[in-house]
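Report on one structure; see the data block that follows.
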Amino acid sequence: PNSVKSSAELHDRELREATERIKIQNEVITKIDKEDMLKFVTNPKSFSQSVENLMDLAFLVRDGHAKVNIDPVKKFPVIGVGERVKGAVQTTNQCIVRFDYQTFQKLIDEGIQEPSIPDRTTK
């Protein structure tokens, strides 16, 4: 009984934290025109936060709050504000994004010094 309660409490806390992360990310997205997707999700101070950011972005895209397009010149994914229309049928596509520690390190080596999404380790 105690382990079930603590497991449920842990789930509730994790759900609240994820909801708050997604809300913050959505606020950041509304302030940009378009940005390199991997630069946007990468937190150079934390690989795990970068992975969480990418997962949270997937929910925002699914719900129409953000969109991902391919830059026609540079051929890399860029994100921007979604065109969510309540009640409208939305066209969706899926893609697989590889984001491992090696990719993370390469992005940092290429110059990402500050996260676009606020760092959560300083709370």
Side-chain angles (χ1 to χ4, degrees):
N2 284 343
S3 65
V4 172
K5 183 179 178 185
S6 62
S7 177
E9 289 172 352
L10 178 62
H11 175 74
D12 288 347
R13 187 187 67 181
E14 289 173 347
L15 185 59
R16 283 191 307 274
E17 289 173 357
T19 301
E20 183 62 23
R21 285 194 323 264
I22 292 169
K23 179 181 168 190
I24 290 168
Q25 193 173 125
N26 187 50
E27 290 170 2
V28 174
I29 288 173
T30 62
K31 297 175 185 170
I32 62 172
D33 179 31
K34 68 178 186 177
E35 185 172 343
D36 176 319
M37 183 185 76
L38 292 178
K39 179 182 181 306
F40 179 76
V41 298
T42 301
N43 179 341
K45 301 172 186 173
S46 173
F47 174 67
S48 61
Q49 282 188 36
S50 299
V51 172
E52 286 178 339
N53 291 343
L54 186 58
M55 296 300 294
D56 294 343
L57 177 61
F59 288 112
L60 290 169
V61 170
R62 179 199 67 192
D63 294 342
H65 296 287
K67 64 181 177 181
V68 178
N69 292 312
I70 302 299
D71 182 286
V73 176
K74 297 181 181 178
K75 305 290 186 208
F76 61 81
V78 293
I79 62 162
V81 176
E83 296 154 6
R84 186 171 190 221
V85 179
K86 197 169 192 137
V89 175
Q90 296 192 12
T91 303
T92 59
N93 295 302
Q94 297 178 358
C95 69
I96 296 172
V97 176
R98 179 182 177 152
F99 192 83
D100 55 17
Y101 191 79
Q102 190 175 16
T103 303
F104 169 76
Q105 196 60 54
K106 184 177 179 186
L107 289 163
I108 293 169
D109 293 344
E110 290 176 1
I112 297 177
Q113 296 177 357
E114 292 296 322
S116 297
I117 302 164
D119 181 64
R120 295 180 295 280
T121 57
T122 57
K123 283 187 173 183

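Side chains included, hydrogens not; waters and symmetry mates left out as well; all remaining heavy atoms used.
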Audit row: Asp119, Lys45, salt bridge (charged side-chain N to carboxylate O under 4.0 Å, His left out) steps and yes/no:
CA-CA 8 Å; Asp119 181 64; Lys45 301 172 186 173; 5.0 Å; no
Is there a side chain to side chain contact (heavy atoms under 4.5 Å, CB included) between Ile79 and Val41 once you walk through the steps?
CA-CA 10 Å; Ile79 62 162; Val41 298; over 6 Å; no
Do Ile32 and Val68 belong together in a cluster built from hydrophobic side chains that touch within less than 4.5 Å?
yes
Which heavy atom of Ser50 sits nearest to which heavy atom of Ser46, and what is that distance?
OG-O, 2.9 Å
Within this structure, what is the CZ-CD distance for the pair Arg21 and Glu14, rounded to the nearest 0.5 Å?
9.0 Å
Mind checking whether Phe76 and Leu38 have side chains closer than 4.5 Å, heavy atoms only?
no
Over all heavy atoms of both residues, which pair between Ile112 and Pro44 is shortest? Give the atoms and the distance, please.
O-CB, 3.6 Å
For Glu17 and Arg120, run salt bridge (charged side-chain N to carboxylate O under 4.0 Å, His left out): C-alpha distance rounded to whole Å, both residues' side-chain angles, the deciding distance at 0.1 Å, then the answer.
CA-CA 11 Å; Glu17 289 173 357; Arg120 295 180 295 280; over 6 Å; no
Using 0.5 Å steps for rounding, measure from the OG1 atom of Thr19 to the CZ atom of Phe59.
9.5 Å
Report whether Val97 and Phe47 are members of the same hydrophobic cluster (ILVMFWY, side-chain heavy atoms less than 4.5 Å apart, transitive linking).
yes
From CD (Gln113) to OG1 (Thr42), nearest 0.5 Å:
13.5 Å
Under 3.5 Å, is there a donor-acceptor pair between the side chain of Lys67 and the main chain of Gly64?
no
Would one find more than 12 heavy atoms of other residues, nucleotides or ligands at under 6.0 Å from atom CZ of Phe99?
yes
Between Thr103 and Asp100, is any side-chain donor less than 3.5 angstrom from a side-chain acceptor?
yes
Which value, rounded to the nearest 0.5 Å, describes the distance between Phe104 atom CZ and Asn43 atom CG?
7.0 Å
If hydrophobic clusters are built by linking Ile, Leu, Val, Met, Phe, Trp and Tyr wherever their side-chain heavy atoms come under 4.5 Å apart, do Met37 and Ile22 end up in the same one?
yes
With distance as the sole test, does Gln25 use its side chain to make a donor-acceptor pair with the main-chain N or O of Ile117 at under 3.5 Å?
no
Give the minimum heavy-atom separation between Ile29 and Leu60, together with the two atoms involved.
CD1-CD1, 3.8 Å
Around atom CD of Glu110, are there more than 12 heavy atoms from other residues, nucleotides or ligands closer than 6.0 Å?
yes
Can you confirm whether Asp71 sits close enough to Lys34 that some side-chain heavy atom of one is under 4.5 Å from a side-chain heavy atom of the other?
yes
Could you grab the distance from atom CG of Asp109 to atom CD of Gln102, nearest 0.5 Å is fine?
10.5 Å
Kindly give the heavy-atom pair with the smallest separation between Lys39 and Ser116, and that separation in Å.
O-OG, 3.9 Å
